Structures are given as structure tokens and as C-alpha cells.
Amino acid sequence: MRSGQDLELVHVTKRYGDTVAVRDVSHVFANGTYVCLLGPSGCGKSTTLRMIAGHESISEGSIVLDGHDVSRLPPAKRGTAMMFQSYALFPHLSVRDNVAFSLRMKGVDKAARHKAADEMLELVDMTHLAGRLPAQLSGGQQQRVALARALVTKPRVLLLDEPLSALDPFLRIRVRAELKRLQRELGITFIHVTHGQDEALALADEIVVMNNAVIEQAGNARDVFSAPKTEFVARFMGGHNVMTVDGARYALRADEVELGETGLPATVRTVEYQGAHVAVTAMAGEEEVLALVPEGRFFENPRTPGDAVGLSWDASRLHRLTA
């Protein structure tokens, strides 16, 4: 059910000369949800985020927040805040003053802005480093400061442009858990741009998959992964086979494919150990089929490249694609 507090894109288009970066996109971002805009480089996701923030003008359409068209408002008047990929912290300002900077620009007195900054630093567990300069912080600590600075204005919508891309894989997993916790505690809408499928699946209440300047599919994380609508979504989300059966295109999750002695004849091409699963790629004629086999089951009867195998699956698990 749509709320007056939702963020809505209404037929939004962005052109750069003859290039269309975002084409006639309409979507409602439900209030208080964590949404991931997911897609490959150049699909339009970051441009969409920047238009919502007001850092890019729209060519056509409108952006509506709380029932008001904010399309022509400057960024500071929209009720949104953006956290940039680079963090963009001021090197000469302390952590506290970085967080308080936007309030200083609004004319908030020093005591009030420092109080607000300290509340945000406590939220992101950075109180003990409030007096440090950005250069004295780790990448993960800088990320938390940037997050606190974006939140200090109490935005209705927080916009995050690939916020975890500069972090190492271990820290990325820790920080994404913190992002989800913060979003739940604050109850505001987070819109997070990423090209990482695992990141989107772990974080999102809703995943919006973009490709070639349009939305290919939107839905909750499980639906987008388990029931992709198009070949692009099936392939981009990963873990799926796309195959033709009786002239129609279907997606089949790779963990639904069984390796055995009977079934569709195939030859093992690659074997890749992935911890909980072993990824086995096999050629069935001209068709490449991926099977994700539970590690224990694989090593009961291990296969090597060149082995003949039979591939089988439950036909009811085939998911028909619309495009």
C-alpha cells in the first residue's frame, strides 16, 4: 500500500546529448525500507541516485517525496542526504567537525551542532575518535564518519553510492551488517547503489535490477533471485542456468542440478571448490550447465574435468522467463 511518505519516481528520464542514461523510469520506494539498486556499470543506477539527491537534473518526469515534487529543489532542501563512494571528508577538520559541517552551514550554533554530531558518532560507535583527523582513521572508520555526517541532518531518505566498495572483503561484511542495523533503528529509507549481488541479497528489503537505462525487475530479494523474469536478471544474479526447453527460455537454479550416472549426458569441463559447495560446469552438447553440489555429497563421488556424467533436475523447478 502506497504511503504519502514514500519516494516516487514518475517517468524519470535523463539524457546527456543523444545518450539516454535513464529511460522513463517509474518506481515507488516504500518508506522505511532498505532498497538496493543493482546492475552492471553504465546501467543508470548511479545516475538515478544522483537525480534523487539533486546532484543531477532530470530531463523529463518528476521525483516526489512526502507527496511533494522535489525535482527542482536544491539537494539541501529535498529531505535526502547522500553518502559518496569517496567519503569526501575534509582533511583539516576533526571527526566531530566533519559530522557537524552541514549544520554549521545552516547556521546552527556550535554547542547544538556538536551535540547532534556526538549523537550520530555514538550511533556509529565512533565517539572515542571524535577529536581525530580523517588521515588518522582506517578506511572502515572513515566510512562510519561519512555515514554519521550524512545522517546528522535527519534525512527522510539516505542515498548510498557503492559505500562498501573501498573496503576489504572482511570489513565489507561487517559494515554492511552495521548499515542494516542502522536502517532498522532509524526507520528511514536507505537507497544503496551496488553492482554486488551478494551485497544486495544480504541487505535489501527490495532489489531493483537495472539494465540499459531501465528497471528490468524489482521485488524482494528472494523473489528476484529465485524467480527472475528475464534472461538478463537470471544471468546477472548468478547461480542460474538459462536453457531452452521446447522453444521457450527457462531459468534453473544451479543448486537444483544433480550429478549422477543417468540423465542428460554431459562432460565435466571445470570443477571449482567454493567451500560449502563445489561448482561443476559440464557441457551437454552445445549447452553449458552449472551444478552447485553440496561439498559433502561431491566428495563422496568426486569428478574431474573430462569425466562423463548425467545431469538431472526436477522439471517443476524450471522457471519460465518472459524475455
Side-chain angles (χ1 to χ4, degrees), residues 32-37 46 49-50 52-55 75-76 78-196 198-200 202-204:
T33 56
Y34 202 122
V35 184
C36 282
L37 289 180
S46 289
L49 197 77
R50 292 178 65 82
I52 295 169
H55 297 302
R78 292 193 174 205
T80 63
M82 187 157 176
M83 182 177 153
F84 295 96
Q85 188 176 349
S86 63
Y87 308 150
L89 300 176
F90 297 110
H92 62 291
L93 295 182
S94 70
V95 163
R96 180 181 287 112
D97 286 334
N98 261 286
V99 174
F101 184 79
S102 60
L103 299 180
R104 178 180 163 192
M105 292 295 98
K106 290 183 175 184
V108 178
D109 69 78
K110 187 174 182 178
R113 68 178 184 254
H114 277 185
K115 181 175 183 291
D118 287 344
E119 288 173 359
M120 287 300 114
L121 288 171
E122 185 177 357
L123 193 67
V124 297
D125 195 24
M126 286 290 290
T127 304
H128 60 300
L129 299 176
R132 288 199 184 179
L133 295 173
Q136 298 171 305
L137 304 177
S138 69
Q141 290 167 340
Q142 289 183 27
Q143 199 259 10
R144 289 186 193 181
V145 176
L147 186 60
R149 185 179 63 181
L151 290 169
V152 78
T153 57
K154 299 196 173 353
R156 294 305 319 273
V157 180
L158 180 65
L159 306 164
L160 304 110
D161 187 10
E162 303 209 25
L164 309 182
S165 61
L167 305 178
D168 65 67
F170 176 74
L171 190 56
R172 197 176 303 149
I173 290 170
R174 266 188 56 198
V175 173
R176 78 185 185 199
E178 290 176 13
L179 284 176
K180 187 66 176 175
R181 174 186 63 82
L182 279 171
Q183 189 271 328
R184 284 183 171 149
E185 285 185 14
L186 295 166
I188 66 175
T189 306
F190 278 32
I191 303 178
H192 174 139
V193 161
T194 180
H195 58 262
D198 290 350
E199 195 170 297
L203 283 168

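When a residue number appears, it is its place in the shown sequence, counting from 1. Fair warning: this is a prediction, and the values are worked out from it, not measured in the lab.
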Query raised in the report: Just wondering, do P134 and V145 contact through their side chains at under 4.5 Å, heavy atoms?
Result: no
Output for pair (L129 CG, Q141 CD), nearest 0.5 Å, gives 5.0 Å
In terms of heavy-atom contacts, G54 and P75 come closest through O-CG, 3.6 Å
Distance col, row L123:CG vs E178:CD, nearest 0.5 angstrom, shows 10.0 Å
Only one of V193, L160, L159, D161 passes side-chain contact (heavy atoms from CB on, under 4.5 Å) with L37, and that residue is V193
One should read off an interatomic distance between Q142 CD and R132 CZ, to the nearest 0.5 angstrom, of 12.0 Å
Does the pair L158 and L186 meet the rule for a side-chain contact (heavy atoms from CB on, under 4.5 Å), with working shown? CA-CA 11 Å; L158 180 65; L186 295 166; over 6 Å; no
Ignoring hydrogens and geometry, is there a side-chain-to-backbone donor-acceptor pair from T33 to T189 under 3.5 Å? no
Check whether R113 reaches the backbone of V108 with its side chain - one donor and one acceptor, N or O, closer than 3.5 Å. yes
message = Check this for me: R104, atom CZ, are more than 12 non-hydrogen atoms of other residues, nucleotides or ligands nearer than 6.0 Å?
response = no
Exactly one of I188, T80, V35 clears side-chain contact (heavy atoms from CB on, under 4.5 Å) with V157, and that residue is T80
Going through the distances and angles, do M126 and V99 end up as a side-chain contact (heavy atoms from CB on, under 4.5 Å)? CA-CA 11 Å; M126 286 290 290; V99 174; over 6 Å; no
Within a radius of less than 6.0 Å around CD of E122, do more than 12 heavy atoms belonging to other residues, nucleotides or ligands occur? no
- Item | Sidechain-backbone polar pair: R172 side chain, L164 backbone, donor-acceptor under 3.5 Å | yes
On a heavy-atom basis, the closest approach of M82 and L49 is CE-CD2, 3.7 Å
Would you check, one step at a time, whether the test side-chain contact (heavy atoms from CB on, under 4.5 Å) holds for H192 with M83? CA-CA 10 Å; H192 174 139; M83 182 177 153; over 6 Å; no
**Prompt:** Just by distance, do the side chain of Q183 and the backbone of G32 share a donor-acceptor pair under 3.5 Å?
**Reply:** yes
d(L147 CG, R144 CZ) to nearest 0.5 Å is 9.5 Å
- Message: Within the supplied structure, the quantity of interest is the number of heavy atoms (other residues, nucleotides, ligands) at a distance under 6.0 Å from R184 CZ; does it exceed 12?
- Response: no
Taken to the nearest 0.5 Å, the spacing of T153 OG1 from M120 CE works out to 9.0 Å
| field | Any C36 side-chain heavy atom under 4.5 Å of E199 side chain | value | no
Shortest non-hydrogen pair, D97 vs H114, comes out as OD1-NE2, 2.8 Å
In short, Y34 meets L203 closest at the heavy-atom pair OH-CD1, 3.6 Å
What one should report as the nearest heavy-atom pair of G131 and S94 is O-CB, 3.9 Å
For G139 and Y87, the nearest pair of non-hydrogen atoms, with its separation, is O-CE1, 3.7 Å
### Task
May I have the step-by-step check of side-chain contact (heavy atoms from CB on, under 4.5 Å) for T127 and D118, ending in yes or no?
CA-CA 7 Å; T127 304; D118 287 344; 5.9 Å; no
